[in-house]
Amino acid sequence: MKKKLKTSRRRFVAAAAATTGLAAAATFVPARFAIGARAPVKIGVLLPFGGVYAMLGNSITDAMKLRIELAGGKLGGRDIEYVIVDSEWTPAKAPLKAKKLVSKDRVDFVVGPVHSGIAMAMSTVLRPRKLPIWIIPNAGNNKLTRELCAPHIFRTSFTNWQSAHVAGQLMANEGIKTAVTCTWKYAAGTQMMEAGKASFEKAGGKVIKELWVPFPDVEFQAYLSEIAALKPDAVFSFYSGGGAVKFVKDYAAAGLKDKIPLYGPGFLTEGATKAQGDAAEGIKTALHYADNLDTKEDNRFRAAYKKATGKDPNVFSVQGYDTGSLLLQAMAAVGGDAGAREEIIDVMETATFYDSPRGVWKMSKAHNPIQDIYIRRVEEGRQIKIGMGAEQLEDPATGCKMS
Ligand code: BEZ
């Protein structure tokens, strides 16, 4: 019975996604749910709307809503109620906030967070439960799609390993022999530095010093002085949002930009170049999005996002947009029955995103994107794709056992 359902839904989703960009999928309503109560679907959104990651939270939210609006504004024929909660920036409050979404607000889906440490804290509440389905639209914490993977946890973004692994290789390919790492000390920073260091050293490079900045501090002067004294061939960093703006500007102001090139996962410049100005020009990074992909899907997305928000999109808005697509696909397949856990999981774990602005990607067995990673260089404030870092890169998903 379940197998039959699985096959027909998969075919339906593929056809809808390929031909109509999912607009038709949103109107498909199986009879079993068409007559019942049509209360709004509740989506709990736990993202940062203040502090260094505010830009990320806003970009994700705007684009997720936009994607759903473009498909008719409903999920499986039902209206939507968003329960928006500011995750802030410390993991300590996250379990309580997640608990409230589940027990008091009784949301059907949770979307969030941005921060890898907050994701771990949320997992203490969400992972042991079978519902709601949890979609992570940014936080790359490797563990949640490795040893802590679970049937109802999905990610539409990346693991911290993916682009850092490619950025480490990029540095070695460019002839860099020695590097200093400099990042925020929390899960995203430690996992990205570990991945970048491993691929860089495997290719013959050497990390001579690791500098750790407490999150979310943006006082970089002491670290920049140490980098100047160490004189490595390059610096490998992860910062994002307001921290990336400050670090890249301080790096240039300290006179390091033209002496010691900066590399890293593309978060270093993503959504930040307007504020970074000349300090960002020429920086090479690796990421699953670029500003000049020039595909039909991306051009359509960029125009719609600009029209809706007045802003240029970034990778975070792409991840929000694809979160909207995932919700549309799943809810269309079950005719709006958010309690149809097994069927929703079936659809989500076999989903292929033909209309993603980042290029076609599909969900891995561990529920993380298998996606292209681009090499980009900042040119006149734009993230220009200058090469392919890795095609359809899949996280190793070490230790993931779906039960
Ligand atoms: C993270 O904490 O996982 C993260 C935050 C910002 C950008 C990328 C990753």
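Note that ligands are numbered from 1 as they come in the structure, with each ligand's atoms numbered from 1 the same way. FYI, the numbering just counts along the sequence from 1.
With Y239 as the fixed residue, the ring-ring contact (aromatic ring centres under 6.0 Å, His included) test singles out one of F220, F267, Y53, Y251: F220. No option in K362, Q329, E297 other than Q329 meets the side chain to side chain contact (heavy atoms under 4.5 Å, CB included) test with F353.
For atom 3 (O) of ligand 1, the nearest non-hydrogen atom of the protein is S116 OG, 2.6 Å. The shortest contact between atom 1 (C) of ligand 1 and any protein heavy atom is with V114 O, 3.2 Å.
Listed by number with element, the atoms of ligand 1 under 4.0 Å from a non-hydrogen atom of Y186 are 1 (C), 2 (O), 4 (C), 5 (C). Residue-ligand proximity, S240 to ligand 1, at heavy-atom distances under 4.0 Å covers atoms 6 (C), 7 (C). Atoms of ligand 1 found under 4.0 Å from any heavy atom of A139 (numbered from 1 in listed order, with element): 3 (O). Listed by number with element, the atoms of ligand 1 under 4.0 angstrom from any heavy atom of N160 are 3 (O). Taking every heavy atom of N138 and a limit of under 4.0 angstrom, the matching atoms of ligand 1 come to 4 (C), 5 (C), 6 (C), 7 (C), 8 (C), 9 (C).
The option from F158, Y239, F215, F316 that lies nearest to atom 8 (C) of ligand 1, judged by heavy atoms, is F158.
Between atom CZ of residue F238 and atom OG1 of residue T190 there is a gap of 10.0 Å, rounded to the nearest 0.5 Å.
Neither the backbone nor the side chain of W184 comes within 4.0 Å of ligand 1, counting heavy atoms alone.
A search for side-chain contact (heavy atoms from CB on, under 4.5 Å) contacts involving T181 returns M193, V207, E210, F236, not counting sequence neighbours.
K306 has a carboxylate O that lies under 4.0 Å from a charged side-chain N of D312, or vice versa, which qualifies the two as a salt bridge.
Classification of the Y305-F301 ring pair by plane angle, with boundaries at 30° and 60°, yields tilted.
The backbone N or O of T178 sits less than 3.5 Å from a side-chain atom of D233, completing a donor-acceptor pair.
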